[in-house]
Asks: 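The structure's right below; bear with me while I get my questions together.
Note on naming: letters A, B, ... go to the chains in the order of the sequence lines (proteins, then strands), and numbering restarts at 1 for each one.
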Amino acid sequence: NAGVTQTPKFQVLKTGQSMTLQCAQDMNHEYMSWYRQDPGMGLRLIHYSVGAGITDQGEVPNGYNVSRSTTEDFPLRLLSAAPSQTSVYFCASSYTAAGNQPQHFGDGTRLSIL
Amino acid sequence: KQEVTQIPAALSVPEGENLVLNCSFTDSAIYNLQWFRQDPGKGLTSLLLIQSSQREQTSGRLNASLDKSSGRSTLYIAASQPGDSATYLCAVPTTLNFGNEKLTFGTGTRLTIIP
């Protein structure tokens, strides 16, 4: 009964470092997405995937990279961390398109860039 | 561009009261709307998904309504309890490239139920 699992829960990076935020779901969902949540700005879509091997950019994709080699996993890579990427990152999944089905969210990764 | 607004940003009410949370959106060409709950340090939990044809959707003490023509949705919470304290967000589907979709979120209303 895991749902959407995100690791790590917390991370502190130095400017210029790279890292990968992990997201896995066990519900056989085709649609997966990454959001960042910042105070006063709501959740903004970074990248999304409609199935294994298919990804596309969202509203704020710069500085991030994704891949979807399996249905279960959708990692988010920060290529060269910047202080502006300090945020809470959420992964979400659903059976089909984002609006058609209830979205299932992970508990988030809280990322600080120094 | 779709914009979703939730006012007020924060609300405190005594336990046991009925309350209404508001959500407004600028583009009425939506086919559904979702309400989410977010507890501190946690992710979002989907509460209700209301289709534009339904006008209302109920789950336990929660009732959501949707009026596309006025660009508004409300979430009614009956007999509030301290466990209802959380941030409540609404979201509507927005079209992306190639017919794909994303959710456009409001910034939420932080609800505190006072025992």
Asks: Out of curiosity, A:Leu45 CG to B:Phe105 CZ, how far, rounded to the nearest 0.5 Å?
Replies: 9.5 Å
Asks: Can you classify the ring geometry of A:Tyr31 versus A:Tyr48 as parallel (below 30°), tilted (30 to 60°) or perpendicular (above 60°)?
Replies: parallel
Asks: Less than 4.5 Å to any heavy atom of chain A: does that hold for the side chain of B:Leu89, its backbone, both, or neither?
Replies: side chain
Asks: Report yes or no: do B:Gln38 and B:Thr87 form a side-chain donor-acceptor pair below 3.5 Å?
Replies: no
Asks: Among B:Thr45, B:Leu44, B:Thr107, which has the most heavy-atom pairs under 4.5 Å with chain A?
Replies: B:Leu44
Asks: Could you have a look at A:Gln57, A:Met41, A:Gln37 and say which one has the most heavy-atom pairs with chain B under 4.5 angstrom?
Replies: A:Gln37
Asks: Need one label for A:Arg110: side chain, backbone, both or neither, based on atoms under 4.5 Å from any heavy atom in chain B.
Replies: side chain
Asks: Do side-chain atoms of A:Trp34 reach the backbone of A:Gly58 as a donor and acceptor pair under 3.5 angstrom?
Replies: no
Asks: Which one, B:Gly41, B:Ser46, B:Ala9, leads in non-hydrogen pairs under 4.5 Å with chain A?
Replies: B:Gly41
Asks: Of the backbone (N, CA, C, O) and the side chain (C-beta and beyond), which part of A:Glu59 lies under 4.5 Å from a heavy atom of chain B, both, or neither?
Replies: side chain
Asks: More than 12 foreign heavy atoms under 6.0 Å from CD1 of B:Ile7: is that the case here?
Replies: no
